[in-house]
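Take a look at the structure set out below.
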Amino acid sequence: MIYINQLRNNIKQVAENLKQRGFELDVKTFEQLETERKTIQTKTEQLQAERNANAKAIGQAKTKGEDIQPLLEKVEHLGDELKVSEDKFRDIQEQLHQFLAAIPNVLDDSVPNGQSEEDNVEIRRWGEPTRFDFEPKDHVDLGERLGLMDFEMAAKLSGARFVVLYGALAKLQRALIQFMLDLHTMEHGYQEVYVPYLVNEASMFGTGQLPKFDNGFKLDFDPAYYLVPTAEVPVTNLVRDVILDVSDLPKKFVCHTACFRSESGSYGKDTRGMLRQHQFEKVEMVQIVKPEESEQILEGLTKNAETVLQKLKLSYRVVALCAGDIGFASAKTYDLEVWLPGQNRYREISSCSNFKDFQARRMKARFRDPKTGKIEYVHTLNGSGLAVGRTLIAIMENYQNKDGSIRIPEALQSYMGIETISV
RNA sequence: GGAGAGGUGGCUGAGUGGCCGAAAGCGGCGGUCUUGAAAACCGUUGAGCUCGCAAGGGCUCCGGGGGUUCGAAUCCCUCCCUCUCCGCCA
């Protein structure tokens, strides 16, 4: 959530910043709402003060045994007037809240200009695209030839955009989860956490999935549950409505969950294979940090995700998302893109973002600064470490042999107990 | 699913219509004492919104929402959550 004082004091600058990401800030509506709010709030609070003063006077008169009738007459009409005023005030506050809740995060100054994916800026590369002395297949051909990946069965069980994995491929996915969690907990200092896959509306709002981007799965309960689109939602919300002690920061969590996405609006996109599914596994890193540290921590978090790819010896590049491609809640995002021989290009496998205080304001996640004694909002960050399904794809495609068998990366061999998935 | 008991400040826990933003204790912070620390003692200590240059005002909040009343933590309705017992179950 944007800080309302930023709009009160610097609305022009904010509007310009948001315009870069293609968001048109409705300045006129805001100013109108604010003017109205001011008037009605002043009036409401005056009436409330009056009511309180009278109630007190009546109470005192009563204990003294005085006649309260004249006082009662005095406040006869106050109640109705106050109710009207309070209702109006509540209504205008709700309107303001909705207005603010729909505004995306202000972009960091370092975010490159641009409108789409095309304009993202490559920061660095690691490794070389894998070379083959044969024509490499994509993971669909490889998986089906192994008889261990079945999209038709998934369609029968569920529908499009699901997969069934058998045997060594199912185990490979499990090995990847294990490997990633071990790496982040044992070498990068994250605490592993297990969380619900169904969350409530407040949690979805807290991280910015609601109210604007309700493209997830809402379950028909009362109150509603949402299937988590990413572990970011439950894990970040661990600090919702909490005032943290400064000694608790930074908090570093790593969490494996299944993730559920409706993928509405992506019709016809990546329909082949398991690149874009309604359900996929992901290991997610989340950090809750002091504001002055978040910029640097984003770099570290990104490195943590890169380490997974490096240990798996998968070639990748890091891109800084441009203004037009960056997510609603993020101030700055790096994507990691892994080389996929089946597509002959780099594809997103991790997204690392600094949300600064945007999510923290929505969630009321704060800490007490011992120096000033003041309560401040924390900064939140997260990054995939990594998207497991896509890592599985990357391994299959990059480690394939001519005969369709797949070598197991060294780092995973102890988890798999084999060196090759044979045809 | 059935029966019951509860949800109050960082925590424990009083409070059944006005003197309650809320006793007391713990914890935190500051101080006295001490070479230092502990103990003891004294003081202090919720959050948010808003008006104001400031000093300082005002308002809201006792799980959420609604109601009764001049006045609600306290009474009524409703929803949510937690705990205990029974049933069922991984």
Side-chain angles (χ1 to χ4, degrees), chain A residues 1-9 30-31 33-101 194-206 210 218-226 234 237-249 251 258 288 357 360-378:
Chain A
M1 190 102 90
I2 196 161
Y3 183 31
I4 192 166
N5 279 350
Q6 254 188 305
L7 295 185
R8 290 183 182 139
N9 303 328
F30 176 74
E31 282 169 352
L33 284 171
E34 260 293 276
T35 311
E36 256 183 273
R37 189 224 93 226
K38 218 165 175 166
T39 313
I40 193 67
Q41 179 163 6
T42 308
K43 188 181 171 194
T44 306
E45 290 184 357
Q46 264 171 13
L47 289 169
Q48 285 172 330
E50 214 177 306
R51 175 203 60 196
N52 293 345
N54 279 310
K56 203 168 194 174
I58 290 171
Q60 281 167 355
K62 221 174 166 183
T63 46
K64 284 187 206 155
E66 291 167 6
D67 180 20
I68 60 167
Q69 200 51 42
L71 285 167
L72 284 177
E73 277 161 24
K74 201 173 153 195
V75 294
E76 213 180 344
H77 296 292
L78 206 113
D80 293 338
E81 203 182 340
L82 179 60
K83 192 168 167 24
V84 171
S85 194
E86 276 179 337
D87 286 348
K88 216 162 145 192
F89 181 41
R90 202 172 306 145
D91 182 60
I92 200 84
Q93 277 194 123
E94 180 56 30
Q95 282 183 54
L96 253 178
H97 178 257
Q98 279 178 13
F99 183 87
L100 294 176
Y194 171 80
V195 295
Y197 291 5
L198 303 178
V199 297
N200 58 29
E201 187 176 325
S203 294
M204 289 289 273
F205 180 84
L210 288 177
K218 186 176 182 177
L219 269 56
D220 186 22
F221 279 83
D222 189 22
Y225 284 127
Y226 294 83
N237 273 279
L238 289 171
V239 295
R240 168 150 56 87
D241 288 319
V242 172
I243 299 174
L244 292 148
D245 196 279
V246 72
S247 62
D248 295 335
L249 303 177
K251 271 188 174 296
I288 314 296
D357 64 1
R361 281 183 191 282
R362 294 181 154 239
M363 296 193 292
K364 296 193 177 62
R366 298 168 291 178
F367 74 104
R368 194 180 295 276
D369 187 338
K371 285 178 210 127
T372 61
K374 289 244 169 77
I375 288 170
E376 281 186 60
Y377 288 100
V378 297

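Throughout, a chain's letter reflects where its sequence line sits, starting with A, and its residues are numbered from 1.
With a 3.5 Å ceiling on both atom-pair distances, B/A14 lacks any Watson-Crick or G-U wobble partner. Pair check for B/C53 finds none; no Watson-Crick or G-U wobble contact set falls under 3.5 Å. Applying the Watson-Crick and G-U wobble criteria (two distances, each under 3.5 Å), B/U69 pairs with nothing in any strand. The partner of B/U60, taking Watson-Crick or G-U wobble pairs whose two distances both stay under 3.5 Å, is B/A47. B/C88 makes up no base pair with any nucleotide shown, lacking Watson-Crick or G-U wobble contacts both under 3.5 Å. Across all strands shown, nothing is found opposite B/A23 as a Watson-Crick or G-U wobble partner with both distances under 3.5 Å. The partner of B/G30 is B/C42, by the rule that a Watson-Crick or G-U pair needs both atom distances under 3.5 Å. Checking B/C81 for Watson-Crick or G-U wobble geometry (two distances, each under 3.5 Å) identifies B/G6 as its partner.
Nucleotides B/G57 and B/A22 place their P atoms 15 Å apart, quoted to the nearest Å. Between B/U8 and B/U44, the two P atoms lie 27 Å apart (nearest whole Å). On the P atoms, B/U74 is 14 Å away from B/G67, given to the nearest whole Å. Separation of the P atoms belonging to B/G30 and B/G46 is 16 Å when rounded to the nearest angstrom. Here the separation of B/G6 from B/C42, taken at their C1' atoms, is 38 Å to the nearest Å. B/G64 and B/C81: their C1' atoms are spaced 10 Å apart (whole Å). Between B/G66 and B/C83, the two P atoms lie 28 Å apart (nearest whole Å). As rounded to the nearest Å, B/C49 and B/G43 have C1' atoms that lie 30 Å from one another.
In terms of heavy-atom proximity, A/Y226 sits nearest to A/E201 at CE1-CA, 3.9 Å. Nearest heavy atoms, A/L82 versus A/R51: CD2-NH1, 3.6 Å. In terms of heavy-atom proximity, A/M363 sits nearest to A/V239 at CE-CG2, 4.2 Å.
Both A/K83 and A/I58 lie close to RNA chain B; mapped to their nearest nucleotides by heavy-atom distance, the more 5′-ward contact belongs to A/K83.
Although no hydrogens or angles enter the test, the distance criterion places a donor-acceptor pair under 3.5 Å between the side chain of A/R362 and the main chain of A/F205.
Residue A/R366 has no polar side-chain atom (N or O) positioned under 4.0 Å from OP1 or OP2 of B/G10. Contact between the side-chain N/O atoms of A/R368 and the OP1/OP2 oxygens of B/G46 is not found at any separation under 4.0 Å.
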Footprint string (nucleotides 52-61 of chain B, 5' to 3'): B base within contact, S backbone only, - free, heavy atoms under 4.0 Å: ------BSS-

Worked verdict on A/D357 versus A/Y3 for side-chain contact (heavy atoms from CB on, under 4.5 Å): CA-CA 9 Å; A/D357 64 1; A/Y3 183 31; 5.5 Å; no

side-chain contact (heavy atoms from CB on, under 4.5 Å) between A/Q48 and A/E86, intermediate numbers included: CA-CA 9 Å; A/Q48 285 172 330; A/E86 276 179 337; 2.9 Å; yes

Worked verdict on A/F30 versus A/I4 for side-chain contact (heavy atoms from CB on, under 4.5 Å): CA-CA 10 Å; A/F30 176 74; A/I4 192 166; 4.1 Å; yes

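Per the geometry, NZ belonging to A/K56 stands 23 Å off P belonging to B/U69, to the nearest Å. Counting to the nearest Å, the P atom of B/G64 and the CG atom of A/D241 are 11 Å from each other. As rounded to whole Å, 13 Å separates atom C1' of B/C29 from atom CG of A/D245. Summarising the geometry, the separation between CG on A/D87 and P on B/G66 is reported as 9 Å, rounded to the nearest angstrom. Look at CG on A/D80: it is 13 Å from P on B/G67, rounded to the nearest Å. Note: CG (A/L47) to P (B/C70) measures 17 Å, nearest angstrom. What separates CZ of A/F89 from P of B/U50 is a distance of 9 Å, to the nearest Å. The nearest whole Å value for the distance from the CD atom in A/E201 to the P atom in B/G64 is 17 Å.
Residues A/N237 and A/M204 fail the side-chain proximity criterion, which asks for heavy atoms closer than 4.5 Å.
A salt bridge links A/D87 with A/R90; the closest basic N to acidic carboxylate O contact falls under 4.0 Å.
At a threshold of 4.0 angstrom between heavy atoms, the contacts of A/R361 with the nucleic acid are absent.
The side chain of A/R90 sits closest to B/G66 out of B/G48, B/G71, B/G66.
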